Amino acid sequence: DVKVTQSSRYLVKRTGEKVFLECVQDMDHENMFWYRQDPGLGLRLIYFSYDVKMKEKGDIPEGYSVSREKKERFSLILESASTNQTSMYLCASSLSGPGASPLHFGNGTRLTVT
Amino acid sequence: QKEVEQNSGPLSVPEGAIASLNCTYSDRGSQSFFWYRQYSGKSPELIMFIYSNGDKEDGRFTAQLNKASQYVSLLIRDSQPSDSATYLCAVGSGGYNKLIFGAGTRLAVHP
């Protein structure tokens, strides 16, 4: 089974802090994704990566950046956290592109920015 | 118009009944369709995917796709309380380069 592991289940950060969310997958998947999930808005794509050091902006990249130095690891960075970034963050990986094969999700990180 | 629309629910069904969850999408060129289940406080997990018109069955679950009418549905037979969750419809388009999620339908199965 594919395992996608997110480093933190819950995080509380202060406004203006730099925040790192880490994600590791163990199935040698090329594609990795970061989503945020908010009530009533569903899952929205922040960034995705289809190869090491490659990244593509999703639908809501503003205020975020990503890093993929190794195939198995995809990090989401909040350069200067703001209260409107309080959300559930979900990392996912897949064998093929976003719409071509199923996504395997991590357990999520619930981030609160105060 | 949202790209992928689902009734937010809750959809309440008695145990043992058939639950019918519906999803409509706007991109006529969409090629792939996924149903995910998400329990409260947990991450989504894949239930089924379907690419071709018609029905696809897996145990108690049946996905139905009608591309002409731009809808995809999920039927859950013999519903159990453990099926109570939010069901997310996701539609792949743009040549498999884009996946759009609906906001989800909350299903409640009562004994």
Side-chain angles (χ1 to χ4, degrees), chain A residues 1-10 21 23 25 27 29-51 54-61 87-111, chain B residues 2-10 21 23-52 56 58 61 63 65 67 72 74 85-106:
Chain A
D1 269 356
V2 175
K3 193 167 169 95
V4 180
T5 304
Q6 293 182 233
S7 55
S8 303
R9 189 78 178 93
Y10 298 95
L21 302 183
C23 175
Q25 53 97 1
M27 280 300 292
H29 282 172
E30 301 287 343
N31 300 272
M32 296 188 75
F33 307 84
W34 276 106
Y35 287 89
R36 65 178 281 178
Q37 186 174 31
D38 301 288
L41 296 177
L43 280 130
R44 294 179 292 167
L45 181 64
I46 304 171
Y47 267 98
F48 72 96
S49 168
Y50 51 89
D51 201 352
M54 306 302 289
K55 61 186 179 184
E56 290 282 345
K57 292 181 180 179
D59 299 317
I60 52 164
S87 186
M88 170 68 87
Y89 289 88
L90 291 162
C91 175
S93 72
S94 72
L95 190 60
S96 303
S101 61
L103 296 176
H104 301 267
F105 286 91
N107 285 335
T109 296
R110 185 164 292 282
L111 173 67
Chain B
K2 289 185 180 177
E3 293 179 90
V4 178
E5 294 208 56
Q6 297 181 255
N7 190 317
S8 62
L21 303 155
C23 172
T24 59
Y25 59 95
S26 60
D27 182 359
R28 189 169 286 278
S30 297
Q31 300 284 352
S32 55
F33 307 86
F34 304 84
W35 282 100
Y36 290 85
R37 177 178 62 200
Q38 186 174 25
Y39 291 113
S40 180
K42 302 293 187 182
S43 57
E45 54 180 342
L46 180 74
I47 299 176
M48 294 189 70
F49 58 88
I50 186 168
Y51 296 132
S52 304
K56 180 181 178 182
D58 183 1
F61 299 96
L65 175 61
K67 288 187 178 180
V72 56
L74 180 70
T86 296
Y87 289 80
L88 305 174
C89 171
V91 177
S93 62
Y96 298 109
N97 285 325
K98 192 170 183 181
L99 185 68
I100 303 166
F101 282 85
T105 298
R106 190 158 61 91

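Naming convention: chains lettered A, B, ... in sequence-line order (proteins, then strands); numbering from 1 in each chain. Bear in mind the structure is a predicted one, so any value in this text is a computation, not a measurement.
Both the backbone and the side chain of A/Leu103 come within contact range of chain B, judged by heavy atoms closer than 4.5 Å. Contact of B/Leu88 with chain A is made through the side chain alone, with heavy-atom distances under 4.5 Å. For A/Leu43, the parts lying under 4.5 angstrom from a heavy atom of chain B are both the backbone and the side chain. At a 4.5 Å heavy-atom cutoff, the contact between B/Tyr36 and chain A is made by side-chain atoms alone. At a 4.5 Å heavy-atom cutoff, B/Gln6 makes no contact with chain A through either its backbone or its side chain.
The existence of a salt bridge linking B/Asp58 and B/Lys56 is excluded, since no basic side-chain nitrogen approaches an acidic carboxylate oxygen closer than 4.0 Å.
Your options are A/Arg44, A/Gln37, A/Met88, A/Arg110, and the one with the most heavy-atom pairs under 4.5 Å with chain B is A/Gln37. Interface check for chain B: of the options A/Gly106, A/Gly58, A/Pro102, the most heavy-atom pairs under 4.5 Å are formed by A/Pro102.
Ring geometry, B/Phe34 versus B/Phe49: the interplanar angle falls from 30° to 60°, so the pair is classed tilted. The aromatic rings of A/Tyr35 and A/Phe105 are tilted relative to each other, their planes meeting at an angle between 30° and 60°.
Every residue two or more places apart in sequence or in another chain was checked for a side chain to side chain donor-acceptor pair (under 3.5 Å) with A/Asn107, and none qualifies. Not a single side chain to side chain donor-acceptor pair (under 3.5 Å) links A/Glu56 to another residue, sequence neighbours left out.
Considering only heavy atoms from C-beta on, A/Tyr89 comes within 4.5 Å of A/Arg36 through its side chain.
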